[in-house]
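No experiment lies behind these values; they were computed from the predicted model shown.
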Amino acid sequence: QVQLVESGGGLVQAGGSLRLSCAVSGRTFSDYAMGWFRQAPGKEREFVAAISSSGGVIYYADSVKGRFTISRNNAKNTVYLHVNSLKPEDTAVYYCAAVYGDSYLSKAGQYNYWGQGTQVTVSS
């Protein structure tokens, strides 16, 4: 079983930045591709970014490209999402997810393991 714990969310003004972290335990972290998703109230969960198990391939949603950066540290079993130039529409609960294999997947149903989420609120 893979456990994921997100942290780093909070309340920030528009234009601000945060670093979200997702600590992974239970299996060999470097065997898993990772993704970040978000869900705003009343909306479906949407893809944000993905990174392959090796970190060599990265994929972003168009809405965050150029503002968000996904990275991973396989020695620390952690995946990060640096969120910059935040906008009020970025307000959501942010989730990390894991799937076995070296891929970069954008659909929530393709991931097997999920964290509990961390709230990001951007004020205007």
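- Atom OH of Tyr100 has 12 or fewer neighbouring heavy atoms from other residues, nucleotides or ligands inside a 6.0 Å radius.
- In this structure, Arg19 contributes its side chain and His82 its backbone to no donor-acceptor pair below 3.5 Å.
- When every heavy atom of Lys65 is checked against every heavy atom of Tyr60, the shortest pair comes out as CE-O, 3.8 Å.
- Summarising the geometry of Gly9 relative to Thr118, their closest heavy-atom pair is N-OG1, 3.1 Å, with the distance given to 0.1 Å.
- The structure places CZ of Arg45 at 15.5 Å from NZ of Lys107, a figure rounded to the nearest 0.5 Å.
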Thr78 vs Val24, side chain to side chain contact (heavy atoms under 4.5 Å, CB included): CA-CA, chis, key distance, verdict: CA-CA 6 Å; Thr78 302; Val24 180; over 6 Å; no

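- Heavy-atom minimum distance, Leu81 versus Ala49: CD1-CB, 4.2 Å.
- To the nearest 0.5 Å, atoms OG (Ser123) and CG (Leu86) are separated by 10.0 Å.
- Using a 4.5 Å cut-off between side-chain heavy atoms of Ile, Leu, Val, Met, Phe, Trp and Tyr, Tyr104 falls into a hydrophobic cluster with Phe37, Phe47, Val57, Tyr59, Val93, Tyr95, Val99, Leu105, Tyr111, Trp114.
- Taking every heavy atom of both residues into account, Pro88 and Ala14 meet most closely at CD-CB, 4.2 Å.
- With no hydrogens or angles considered, no side-chain donor-acceptor pair links Ser30 and Asn74 at under 3.5 Å.
- Atom CD of Gln3 is separated from atom OG of Ser25 by 4.5 Å, given to the nearest 0.5 angstrom.
- Between the CD atom of Gln119 and the OG1 atom of Thr121 there is a distance of 4.0 Å, given to the nearest 0.5 Å.
- With contacts defined as side-chain heavy-atom distances shorter than 4.5 Å, the pair Arg27/Tyr32 qualifies.
- Hydrophobic clustering of Ile, Leu, Val, Met, Phe, Trp and Tyr side chains at less than 4.5 Å, counting indirect connections, unites Ile58 with Val83.
- With Tyr80 as the partner, the side chain to side chain contact (heavy atoms under 4.5 Å, CB included) test is satisfied by one option alone out of Leu20, Ile70, Asn73: Asn73.
- Scanning both residues, Arg38 and Glu46, for their nearest heavy atoms gives NE-OE2, 2.5 Å.
- Taking SG from Cys96 and CD from Glu6, the interatomic distance works out to 4.0 Å, rounded to the nearest 0.5 Å.
- A salt bridge between Lys87 and Asp90 is absent, with no side-chain N of the basic residue lying under 4.0 Å from a carboxylate O of the acidic one.
- Looking only at atom types and distance, the side chain of Asn84 has a donor-acceptor partner in the side chain of Ser17 under 3.5 Å away.
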Evaluation steps, side chain to side chain contact (heavy atoms under 4.5 Å, CB included), between Leu4 and Gln116: CA-CA 8 Å; Leu4 296 82; Gln116 82 291 347; over 6 Å; no

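- Using a 4.5 Å heavy-atom threshold, the side chains of Trp36 and Val79 count as touching.
- Counting heavy atoms from C-beta outward, Asp31 and Ser53 have side chains that stay 4.5 Å or more apart.
- Between Gln39 atom CD and Tyr94 atom OH the span is 12.0 Å, to the nearest 0.5 Å.
- Considering all non-hydrogen atoms of both residues, Arg72 and Ser52 come closest at NH1-O, 2.9 Å.
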